[in-house]
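Some notes on the structure that comes next.
Protein chains get the first letters and strands the later ones, always in sequence-line order, with residue 1 at the start of each.
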Amino acid sequence: MGRSFFRRDPATVARELLGCAMLHCCDGEWLGGWIVETEAYLAEGDPACHAARGRGRSNASMFEPAGTLYVYPIHAKHCVNLVTENAGVGSAVLIRAIEPVWGIDAMMQNRNVSDLRRVTSGPGMICSAMGIDRASDAMDVTRADDWLLTGGHQVADRVTQTPRIGVSRAADLRLRFFVDGNRFVSGLAREHTRPRRDVLGPDKDPSR
DNA sequence: ACGGGGATTTTCT
DNA sequence: GAAAATCCCCGTG
């Protein structure tokens, strides 16, 4: 997957990353799987984007060329993004969930869980399982020999789009994408207990 | 130096 | 469903 793939607008990249493979070579072993959930963060008109208040020390890699990794710490964990658009533009795609495929045993050990659904079904879980931390920040995924992003399944006809998870600002933007029906998508328990959207009506719930 | 918030996860009731 | 755990980062003083 070349740089031109990532140089497009983040919503398109987020949608088309679904079904692609993401792998990180950690201690000589390739870890990763199929991407099944993503979120786009826009350079313009998106106060939830970390680049919204300009370039700082912690978010500098967001302004690097497309295909750069932006890894940031939060709540004693890490989240991994793929930077989009041209250098100098602060936009990216957050990888929220992966279907585990390669190095499953090692990833389960890294996460200290035995349930496969609790290995990479959340942005913090992904980094923990795949051995991703600040050391991976600002790496170029199109050149690094311990990273691999490549095409895989065709899932374009099974993509669902909703508002993003856990963001307080710009909550109306529907920039979360996931593979419909995939059991490794995050927050599935919550979706079940949430009030039925068709009862609330289309104007009340932005996720529809 | 200090304090609060955050693109989270886990556990308990 | 609610709240704790946990820590880095930036904005103030």
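You can call Tyr41(A) stacked on the base of dA7(B); the centres are under 5.5 Å apart and the planes sit within 30°.
Following rounding to the nearest Å, Arg57(A) (CZ) and dG11(C) (C1') show an atom-to-atom distance of 15 Å. Here dT8(B) presents its C1' atom at 8 Å from OH of Tyr72(A), a figure rounded to the nearest Å. Leu173(A) has its CG atom 13 Å from the C1' atom of dA7(B), to the nearest Å. Rounded to an integer number of Å, the gap from Ile74(A) CD1 to dC9(C) P is 12 Å. For the pair Leu42(A) CG and dA7(B) C1', the interatomic distance rounds to 13 Å; values are reported in whole Å. Look at NE2 on His78(A): it is 9 Å from P on dC9(C), rounded to the nearest Å. Rounded to an integer number of Å, the gap from Asn59(A) CG to dG5(B) P is 20 Å. One atom, CG of Asp115(A), and another, P of dT10(B), lie 11 Å apart when rounded to the nearest Å.
The side chain of Ala76(A) sits closest to dT6(C) out of dA7(B), dT6(C), dC9(C). Distance from the side chain of Pro73(A) is smallest to dC8(C) among dA7(B), dC8(C), dT8(B).
Positionally, the nearest nucleotide of DNA chain B for Val93(A) lies more toward the 5' end than for the other of Val93(A) and Val113(A). Map Arg53(A) and Lys77(A) each onto its nearest nucleotide of DNA chain C; the residue landing nearer the 5' end is Lys77(A).
Judged by the 6.0 Å distance and 45° axis criteria, Arg8(A) is positioned over the aromatic ring of Phe5(A). Figure legend: cation-pi geometry between Arg158(A) and Phe178(A) absent, as NZ or CZ is not positioned both under 6.0 Å from the six-membered ring centre and within 45° of its axis.
A close approach under 4.0 Å does not occur between any side-chain nitrogen or oxygen of Arg134(A) and OP1 or OP2 of dC7(C). In terms of phosphate contacts, Ser58(A) brings no side-chain nitrogen or oxygen within less than 4.0 Å of OP1 or OP2 of dC8(C). Dashed line: the shortest gap from a side-chain N or O of Arg111(A) to OP1 or OP2 of dT10(B) is under 4.0 Å. Note on His50(A): a side-chain N or O is less than 4.0 Å away from OP1 or OP2 of dA7(B).
Put simply, the side chain of Leu149(A) reaches to within 4.5 Å of the side chain of Ile35(A), judged on heavy atoms.
Ring geometry for His24(A) versus Trp147(A): interplanar angle under 30°, hence parallel rather than tilted (30 to 60°).
Across all strands shown, dA7(B) remains unpaired; no Watson-Crick or G-U wobble contact has both distances below 3.5 Å.
Connection of Val71(A) to Met107(A) is established within a shared hydrophobic cluster, with ILVMFWY side chains joined at heavy-atom distances below 4.5 Å, either directly or through further cluster members.
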